[in-house]
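Both ligands and their constituent atoms are indexed starting at 1 by order of listing. We're numbering straight along the sequence, starting at 1.
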Amino acid sequence: MIDTLIHARWIVPVIPEQKVFENCSLAIDGGKILALLPSAEASERYRAKEEIRLDRHALIPGLINTHTHAAMTLLRGLADDRPLMEWLEQHIWPAEQKWVNPEFAADGSRLAMAEMLRSGTTTFSDQYFFPEATAAAAREAGMRAQIAFPVIDFPTPWSRDGDDALEKGLALRDDYRAHERVGVVFAPHAPYTVGDTTLEKIAIYAAELQVPVQMHLHETTSEVERALAETGERPTERLQRLGLLGPQTLCVHMTAVNERDIELLRESGAHVAHCPKSNLKLASGFCPVDRLLAARVNVALGTDGAASNNSLDLFSEAGTAALLAKATSGDASALPAHRALAMATINGARALGIEDTAGSLEVGKSADLAAVDLSALEQQPLHDPVSQLIYTNCGQRVTDVWVAGRQLLKGRQLQTLNEVELVQRAREWRDRIAGLV
Ligand SMILES: CSC[C@H]1O[C@@H](n2cnc3c(O)ncnc32)[C@H](O)[C@@H]1O
Ligand SMILES: [Zn+2]
């Protein structure tokens, strides 16, 4: 007797690579994957408390969004169509200064989790103010989360300076030390908001505690040019000098990279969070995914916040990444569908340091799963399920999602979050921000 047996038309485990199993089943017990085997055999071997038939579906590992600012859902559409620094300095930072508080972070994070679950994401890495609120929201909703607490040298709604942020963030890390799904890591915001002294402290703590670090890096050409003009050093070189580039470092964006930057990433084992839609919308530049992958740098995917995307649908991000890689390299085979799916799953798990737990449907890993209904007209005819998953807007076709074997989305209905309440709260924030109340 086991907990759950899921029979699916297709199962795409991601590892082994390029494999698609037909008419197979996933046996789940104690929140973990017990076996992946032909359905006929599964029915003979196991009896389950719950048996689920997904006759029109592909069952895949839950997607992993390696970079977002969840609570920014409440700023979606507030200041569209502007370049990064104008967007941040003239619109987003003033709005955050005025509106962001623990209630904003909790409401915005819940809205984000609902959107992510409804599009197949089971894990997210979040960098935002009041990380305590996002951590609590993830704990309550049942999602897997890496809470990357923000460190900035100037005053923010959450912290007075870098030292204050470190103190609060490390206390939060202590609170979650033993948590199975929620981890807490460092997020120095960007090279232009954090000085060497604070970065050196983070490097020491991160090495001592063996804690990952994520940072916006090389987001635009002007970030790199400004750093060169002011210090003679490229931001990636600076991180390496400060001891911050290593196998636990996640570099977010990485447009405007040269061969030396790629070499530093490769040598250090650092990871890249590619956020193609945010880069396109803010006209930030292009991350050379084909060159990074060729250099064996691990490249994962992130949506960035909903104010610069404006969606948290990682299927859409994977499709955009695949198309963009072809366009920027002039090579239609630069990023095939299977590799794009790997970026959205196992590469994300590697980037967050959770590859022993998530990112593929392998025996012993956590049952973090998404089921996608591939029977709609827009997915016909179906020659290759993985092609449909990446190229045919599958985010809205996600029907069911599990994290650690617990069902969080059932027939597109959220099980741990209240959709009606979330929409109501979002409308209230819209009215407040628009000055209607
Ligand atoms: C320190 S909390 C996160 C901080 O980052 C801001 N932000 C959102 N998107 C981006 C981006 O693409 N580059 C740099 N900073 C970004 C967010 O508004 C918060 O202030
Ligand atoms: Zn970001």
Measure from the side-chain N and O atoms of [X] to the backbone N and O of [Y], and report whether any donor-acceptor pair falls under 3.5 Å.
X: His253; Y: His218; value: no
X: Asn65; Y: Thr303; value: yes
X: Asp164; Y: Asp161; value: no

Which atoms of ligand 1 sit under 4.0 Å from any heavy atom of [X]?
X: Ile92; value: 18 (O)
X: Met72; value: 8 (C), 17 (C), 18 (O)
X: Tyr192; value: 14 (C)
X: Asp304; value: 9 (N), 11 (C), 12 (O)
X: Ile152; value: 1 (C)

Worksheet item: Measuring from the heavy atoms of Phe130, does anything fall under 4.0 Å of ligand 1?
Response: no
Discussion item. So for Val252, does at least one of its heavy atoms come nearer than 4.0 angstrom to any atom of ligand 1?
Written reply: no
Discussion item. Salt bridge (Lys or Arg N to Asp or Glu O under 4.0 Å), that's the test. Do Arg291 and Glu259 meet it? Break it down for me.
Written reply: CA-CA 9 Å; Arg291 286 162 53 213; Glu259 286 311 312; 2.9 Å; yes
Response to the item:
Among non-hydrogen protein atoms, atom 15 (N) of ligand 1 lies closest to His189 NE2, 2.8 Å
Response to the item:
At a cut-off of 2.8 Å, protein N/O/S around the Zn ion (ligand 2) gives His67 NE2, His69 NE2, His216 NE2, Asp304 OD1
Discussion item. I want to confirm something. Looking only at heavy atoms, which of Glu96, Met85, Gln127, His69 is nearest to atom 19 (C) of ligand 1?
Written reply: Glu96
Worksheet item: So which of Phe129, Tyr205, Phe186 actually passes ring pair (Phe, Tyr, Trp, His ring centres under 6.0 Å) with Phe149?
Response: Phe186
Worksheet item: Are the charged groups of Glu317 and Lys281 less than 4.0 angstrom apart, N to O?
Response: no
Practice prompt. Measure centre to centre between the rings of His67 and His69, then say whether the value is under 6.0 Å.
Written response: yes
